[in-house]
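Working notes, beginning with the structure itself.
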Amino acid sequence: MSDLKRIKPWLYEIPKSGGMRVPGRIYATPALMESQKADECIQQVRNVAHLPGIVDYSLAMPDFHWGYGFPIGGVAAFDADEGVVSPGGVGYDINCGIRIVRTDLDRAAIQPRLREIVKNLFHAIPAGVGSDGAIPTPKGEDARAIVTQGARWAVEHGYGTPDDLLHIEDGGLYPGADPDVVSARAFARGMPQVGTLGSGNHFLEIQVVDAVYRKDVADHFGLKEGTVCFSIHSGSRGFGYQVCDDFLKSMMQASKNYGIELPDRQLCCAPLSSPEAKRYLAAMACAANFAWVNRQVMTALTRRVLAQTLAVSEESLGARLVYDVCHNIAKFEEHGGRKVCVHRKGATRAFGPGHPLLPEAYRSLGQPTFIPGDMGRASFLLVGKEGSMRETFGSTCHGAGRAHSRTAMKRMMQGRNLFKMLEEERGVIVMAHGRDSVAEEMPEAYKDASLVVDVMEQAGVTDTVARLRPIGCIKG
DNA sequence: ATGTAC
């Protein structure tokens with residue numbers, strides 16, 4: 001802790017010491033540094049810096065907090081030839097991510113029916129631990145196609161439009177997926193869960209744009225003040241969890257076999273050139289594709305519910321996908337003329353303007369990224385700037401960052417009418433499957449997301465494009 | 001995050 005150096009108003013550096021191969025860097029202000037378990041998180045940033053082939057820095061975004069091995073909010077790039085891949089650098093919820101869909105509706109058009117919309121969404125989209133049954137369980141060739149084709153499978157089966165695919169990171173397809181390296185148990189757990197929200201901090205929200213800061217980008221994506229949007233935050237459910245769990249075991253063994261010294265067993269990894277790494281990446285790709293199908297199916301269900309509740313056609317909603325991002329993934333990319341495997345765990349890709357991997361329609365603007373806040377305050381649409389390519393391997397933050405533990409929140413919220421608080425104090429109609437999950441996720445549990453996105457803007461990594469306020473929410 | 005430990 002004592003060796004932390006504040007090198008810019010928004011940036012701390014941890015100098016190289018002991019077995020660290022590179023220094024650490026944490027994007028944060030002093031206020032954001034005073035988070036729960038900050039010392040443990042800083043140690044996790046240090047630990048990651050020990051791994052073979054790490055390039056430049058072990059990074060943490062301003063919403064960083066303690067995670068399995070790597071900190072959540074961590075970004076680390078490993079040389080494609082000499083580096084490693086680590087399941088702990090991706091996380092249990094492989095391709096957890098978020099998407100935002102804009103509509104032609106304004107707040108006045110839905111306000112009278114809002115309670116009914118929330119109720120109908122709550123019944124159409126299963127949520128909570130172990131939830132399933134949103135669509136008939138995909139079997140056989142469909143199950144394999146889901147994990148090899150990603151979002152395209154959903155569109156080809158009536159869930160969404162081809163236009164959606166243009167507004168998903170990498171088109172909603174992670175290449176190199178091999179279903180044969182994924183356990184039968186992952187398929188058995190995951191397939192009944194396609195189109196389900198899950199639990200924890202996952203949600204489906206109805207939101208209204210309440211401020212626009214970059215009109216050029218907002219206009220391009222059809223967002224102006226008063227525009228009704230919905231956003232979906234979910235991941236790869238039991239499928240990704242099982243993949244991670246299965247491969248942590250083989251990676252523990254691989255670390256030993258290849259003689260990799262680990263400051264923490266949870267950083268287990270394998271050289272990118274090894275068969276173990278290739279198998280993990282092929283399985284991780286399956287889970288990434290599963291998560292995109294999951295969010296894509298829920299998007300289609302939401303359009304259906306909105307149209308039915310408002311008694312209008314789906315087309316008339318103008319419900320176009322603005323963007324879908326992953327925030328738990330490892331990807332091969334080129335940075336500084338070098339091929340690296342970028343691990344983003346609770347961090348979002350945010351390529352700067354002109355990046356060749358961005359679709360032409362918005363390449364000149366930079367990559368859009370969506371940052372969920374909490375149930376009561378605001379979420380933010382961002383766009384990548386040049387600084388992200390220079391400093392953070394094309395990455396930015398992913399959320400507000402927790403300020404109080406789940407157990408502390410349950411204690412703090414004891415005996416209070418949470419749904420009434422959210423509706424009367426925050427103006428949000430919430431429906432959830434469990435009272436505890438709402439207590440754990442109350443706005444008070446989180447830091448203000450605006451502080452987090454401000455740090456990334458100060459650093460020249462991302463610009464804030466628009467702010468959205470929640471008016472309806474369903475949760476597990 | 002997660003059939004919150006097979």
- Query: Got a salt bridge between A/Glu440 and A/Lys475, using NZ or NE/NH1/NH2 to carboxylate O under 4.0 Å?
  - Reply: no
- Message: Just the rounded figure in Å: distance from P of B/dT4 to OH of A/Tyr241.
- Response: 8 Å
- Message: Any side-chain N or O of A/Ser199 below 4.0 angstrom from OP1/OP2 of B/dT2?
- Response: yes
- Thinking salt bridges, do A/Arg152 and A/Asp164 make one under a 4.0 Å N-O criterion? no
- Task: Hey, which sits more toward the 5' end of DNA chain B by its nearest nucleotide, A/Asp245 or A/Arg406?
- Result: A/Arg406
- So what does A/Glu440 touch, heavy atoms closer than 4.0 Å: a base, only the sugar-phosphate, or nothing? nothing
- Message: I need the CZ-P distance between A/Phe247 and B/dT2, as an integer number of Å.
- Response: 20 Å
- Item | Separation of B/dT2 P from A/Asn95 CG (nearest whole Å) | 13 Å
- Task: Mind calculating the distance between CD1 (A/Ile72) and C1' (B/dT2) to the nearest angstrom?
- Result: 13 Å
- Can you name the salt bridge (charged side-chain N to carboxylate O under 4.0 Å, His left out) partners of A/Arg377, sequence neighbours left out? A/Asp374
- Message: Please report the distance, rounded to the nearest Å, between OH in A/Tyr68 and P in B/dT4.
- Response: 17 Å
- Just call it for A/Ser236: base, sugar-phosphate, or nothing, with non-hydrogen atoms closer than 4.0 Å on any strand. nothing
- Rounded interatomic separation in angstrom, taking CD1 from A/Ile94 and P from B/dT2: 12 Å
- A/Lys249 NZ - B/dC6 C1' separation (whole Å): 10 Å
- Item | Value in whole Å for how far the C1' atom of B/dT4 lies from OH of A/Tyr92 | 11 Å
- Query: Hey, does A/Gly235 reach any base, or is it just sugar-phosphate, or nothing, if we go heavy atoms under 4.0 Å?
  - Reply: nothing
- Name all residues meeting the side chain to side chain contact (heavy atoms under 4.5 Å, CB included) criterion together with A/Met421; count only those two or more places apart in sequence or in a different chain, and write none if there are none. A/Met413, A/Arg416, A/Leu418, A/Glu425, A/Met442, A/Glu444
